[in-house]
Structures are given as C-alpha cells and as structure tokens.
Amino acid sequence: MLLPQLPEDVLYHILSYLDYKSLSRLSQVCKSIYHFVNRDAVWRRIAKEFLNTGITRNGTDIYPHIPLKDRVKIAQNWHDGVCKRVIPLKWKTKLLPWLQLDGDVLFLSQAADIGVYHLRQDYGRLQRNPLKIYSGHKGDVCRFVLTDSHLISGGSDGNILVHSRRSDMSVELSGHNQEVNCLDSKDELIISGSRDQTARIWTFASSCRRDTIPMYDRVWSVGISPALSSFVTGTACCENFDPLRIWDVERLECVCSLGSEFRRGAGVLDMVFESPFQLFTCGYDTFIRLWDLRLSPRKCVMEWEEPHDSALYCIQTDGNHMIASGSSYYGVVRLWDKRQTKCLQFFQLSLDPVSSPVYCLRFSSSHLYAALATALHSLDFRHTPIHSR
C-alpha cells in the first residue's frame, strides 16, 4: 500500500512524528502528499511549539486566514532574528506615541490626534495618508485602546474620549484632574488611571464616572481581567503602597497585592492579561514578571531581567511562548522565549545620537511595529534575511 492510500487518521498519526523540516521535504514528493501535508491539521502540533504562529496556549488560532505551514516558516525567522527593517513614518517633534493593531489597520497617536493607517499587504508598510483621524483632546493623547465598536483615548488634558468606530460620534468623559496615563476597556467597562493618584471606573451607558478609587500614588498602568470580575492597577511605587493591586469590579475593594519586594520607584509601566489567571507586568525595575493569580500573590512564578538594566516601557505576548519588550534606551526591542530565562533576540532601532525609549510595540504574525519618539519602526520577518544579534 502506498503512503497516499493510507487512511487519513493513520497518516495524521505518522506525520505527527515528523519535525517541520521533514514535513517540508515530504511535501515535495508528489501532488497528493503535497496537498495533504499542507493542511493546517498536520502543522498544528508543530506550530504550538514555535514562536508567534498564532496558536495560543489554549489552542485558539488567532490568524486562521494564514496557512499554518507559512506561519511556521516565518516563526523560524522570529526565533533567529531574521528580518527586514523599515521606517514607515517619521516626524520632527519628539512625541510619546502609542499604537494599536487591528488586522491590516494600524492606529497611531501623534500629539492630540490618532491616525488610522492601512497596512499594505505587500510590504506591511503604511499608506502615506491616514484613512481617518480621531481628534478632540486639548492636549496630547497619552494612551488609547480599541474595542470592536469604539476607540477610547485618554489625554494629558485629563479627559477620556469614547469615539465610535462606525460613525463620527464621540463622547467626552471628564473627571481626572491631571493626565490620563493609562486605560483599559472590555465589555462596555472602562478603567482609567491618572497622575492625579486616582483610578476611575466608567461605563459606555453614562458620561459620568461610576466610581473613583483613591490610589495615593500615580497610576501608570491598568488591566481588566478577561473574566471581567476584577482589574489590576500598577502605580509609581513612590509611596508606602504596593505598586500592583487587584480590585473587585463590583465591590471596588482591593482583593490582594502582588509581590512583596518592590523597591521604591519600581513603578509598573505596562501589563498584559494572557488569561484570567495569568498576568505579565513590566516597569522601572527592569523585570518582566509572570503572575499566576491562582497561586500565592506574594511571589511571581517566572521573571525575565532586562540585561542592560533598562526600564521596560511596554510588553506584548503571542498568547503562547513569545514575549516582546520595549526598553527605555536606544529603542531596544527584545524577543523572549518564555521557556528560557535569557533574551532570545534584540534589535536596536534608535540610531540617533539622542536615545529614545520604545513607547509602545505591537506585532502580527509577520511584522513587529515599534513607536519611538520621532519615528514608527517596522520589522518584517517574511523577507530577505538580515541577521541581528
């Protein structure tokens, strides 16, 4: 009996013992094997072990429109640091930009405006002119988040603007006395944190704040749990309060504090929920930390240290094995494999005499975008190899 004549379930079992190089070679044998081997079901087990293939820890496929075989090939470039560098956008005035990705659309804040750019599929570059501009703040946009229906931004004017993505309507939420450093939104719930040392809770149903929590310290980061029952605040750690605290959404009570050995000034600048019980944080103390909220809150379960003792401004994860971080000096972006303690790859994006932090970064299956003080940088992991340290 020839290999293509075997029952499909038997073939799947046989192919499960092959690595990605062997599968690629096998696909060149004949057309029938080529079409079978190229099925996503054949590559799914391998893809889950690679970086940024879109297969999350719980098995969800983030990029179902891209063949898994292609994603595994690109994932090897992420691991090896093979990419093409491009600067899609520059500006003269130094800013504190923020960005978000939604499919092939990139949202970038510059001063008081948020531009919406279409990413060209051929090179992942931006179209020259934005498709749309969201405005309305009297000062610079500090942070913004996306939901399916809205763009919510916080500004240095202390206000929050809720823009509809389906119309030109927007609602202004006033309440903070100083700049809104951070915000998050899920299921029509908005949590904001400010330099005025408060966290505020809002809903889409009302233009008035629902509640205010005095934090007694500047709030740098917030994150709403995917379970929607709690949220986490990260503060500057300049007062005698733990910088990481978990709050109950309904009762507005502090459920617990995370960690016990933060030194003074070790503020938490960014956080990412990967699941209802897994939280990643980073900040001024140079560590990325993973917290398992089912275990003891006093100690993280894993940590990764920035080797050059730089503050970490931002992080993103692929939902499985990869972490990307942005450092405070020279525009350094690092890629980490959670299964290792040392940095996997790093890219120094700032070549100017004056150093710039990576204020924000986001990535897709093939590109990483990083916002620095005077430029938006892109790393394309699909094209001609350019090796980085």
Side-chain angles (χ1 to χ4, degrees), residues 89 91 93-103 105-118 126 129-213 215 218-224 228 231 233-234 249 269-272 313-314 359-362 369 371 373 376:
L89 200 61
W91 50 89
T93 305
K94 287 187 177 181
L95 303 173
L96 280 73
W98 196 254
L99 61 90
Q100 298 286 357
L101 271 181
D102 185 11
V105 178
L106 182 141
F107 297 73
L108 175 69
S109 67
Q110 294 174 277
D113 297 329
I114 300 171
V116 183
Y117 296 87
H118 179 71
L126 304 184
N129 298 316
L131 300 172
K132 186 175 183 178
I133 295 177
Y134 293 95
S135 58
H137 284 286
K138 300 177 181 65
D140 289 358
V141 174
C142 298
R143 293 284 176 96
F144 68 93
V145 295
L146 299 177
T147 69
D148 291 339
S149 57
H150 292 83
L151 183 152
I152 305 104
S153 60
S156 59
D157 55 5
N159 294 330
I160 296 169
L161 292 178
V162 181
H163 300 274
S164 171
R165 295 178 61 182
R166 298 165 183 164
S167 68
D168 293 328
M169 293 182 60
S170 63
V171 176
E172 182 178 286
L173 308 178
S174 302
H176 286 292
N177 300 323
Q178 298 185 52
E179 61 261 37
V180 180
N181 292 322
C182 54
L183 52 80
D184 195 11
S185 179
K186 287 184 176 68
D187 196 34
E188 299 195 353
L189 176 70
I190 302 171
I191 308 290
S192 60
S194 170
R195 193 181 182 88
D196 66 8
Q197 302 190 359
T198 66
R200 299 183 187 245
I201 296 90
W202 319 75
T203 62
F204 284 15
S206 173
S207 59
C208 299
R209 63 183 180 273
R210 197 190 86 181
D211 291 289
T212 299
I213 303 175
M215 301 297 296
R218 290 167 290 173
V219 186
W220 291 133
S221 55
V222 295
I224 301 174
L228 304 177
F231 65 94
T233 56
V249 168
L269 295 176
D270 200 10
M271 60 178 65
V272 175
Y313 272 47
C314 53
Y359 289 108
C360 185
L361 59 81
R362 295 290 184 267
Y369 298 93
L376 174 71

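T198 places no side-chain N or O within 3.5 Å of a backbone atom of T212 that could act as its donor or acceptor partner. Put simply, the side chain of S164 never gets that close to the backbone of H150: no donor and acceptor are under 3.5 Å apart. The backbone N or O of V222 lies less than 3.5 Å from no partner atom in the side chain of T233, so there is not a single donor-acceptor pair. K186 places a side-chain N or O within donor-acceptor distance of the main-chain N or O of I224, the cut-off being under 3.5 Å. Side-chain N or O atoms of R143 include none that pairs as donor or acceptor with a backbone N or O of V180 at under 3.5 Å. Under a 3.5 Å cut-off, the side chain of N181 and the backbone N or O of V219 do form a donor-acceptor pair. Remark: the backbone N or O of D211 is not paired with any side-chain donor or acceptor of W202 at under 3.5 angstrom.
A heavy-atom distance below 4.5 Å is not found between the side chains of D113 and Y134. Between F107 and L146, the closest side-chain pair of non-hydrogen atoms falls below 4.5 Å. Under the 4.5 Å side-chain criterion, counting only non-hydrogen atoms from C-beta, T203 is not in contact with I190. Between I152 and D184, the closest side-chain pair of non-hydrogen atoms is not below 4.5 Å. Side-chain contact check for L173 versus F204: every heavy-atom pair is 4.5 Å or farther apart. V249 is listed as a side-chain neighbour of R210, based on a closest heavy-atom distance under 4.5 Å.
Contact detail for H176 and S192: the closest heavy-atom pair is NE2-OG, 2.7 Å.
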Next item on the list: Given side chain to side chain contact (heavy atoms under 4.5 Å, CB included), test L183 with F144 step by step and report yes or no.
Entry: CA-CA 7 Å; L183 52 80; F144 68 93; 5.5 Å; no
Next item on the list: Decide side chain to side chain contact (heavy atoms under 4.5 Å, CB included) for L151 and L161; before the verdict, give the C-alpha distance in whole Å, the side-chain angles of both, and the deciding distance to 0.1 Å.
Entry: CA-CA 8 Å; L151 183 152; L161 292 178; over 6 Å; no
Next item on the list: Carefully, step by step, assess Q100 and R362 under the rule side chain to side chain contact (heavy atoms under 4.5 Å, CB included).
Entry: CA-CA 7 Å; Q100 298 286 357; R362 295 290 184 267; 3.1 Å; yes
Notebook entry, point to check: Would E188 and T147 count as a side chain to side chain contact (heavy atoms under 4.5 Å, CB included) if you check the C-alpha gap in whole Å, the side-chain angles of each, and the deciding distance to 0.1 Å?
Noted result: CA-CA 9 Å; E188 299 195 353; T147 69; over 6 Å; no
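Under the rule for a side chain to side chain contact (heavy atoms under 4.5 Å, CB included), the partners of L269 that lie at least two apart in sequence or sit in another chain are W220, Y284, Y313. For D157, the side chain to side chain contact (heavy atoms under 4.5 Å, CB included) partners two or more places apart in sequence, or in a different chain, are H137, K138, N159.
The existence of a salt bridge linking R165 and D102 is confirmed by a sub-4.0 Å separation between a basic side-chain nitrogen and an acidic carboxylate oxygen.
Atom CZ in F231 sits 3.5 Å away from atom CD1 in I213 (nearest 0.5 Å). In this structure, OG in S156 is found 5.0 Å from CG in D140, a value given to the nearest 0.5 Å. Note that NE2 of H118 is 13.5 Å distant from CG of N129, once rounded to the nearest 0.5 Å.
The neighbour count for K94 NZ, taken as heavy atoms of other residues, nucleotides or ligands under 6.0 Å away, does not exceed 12.
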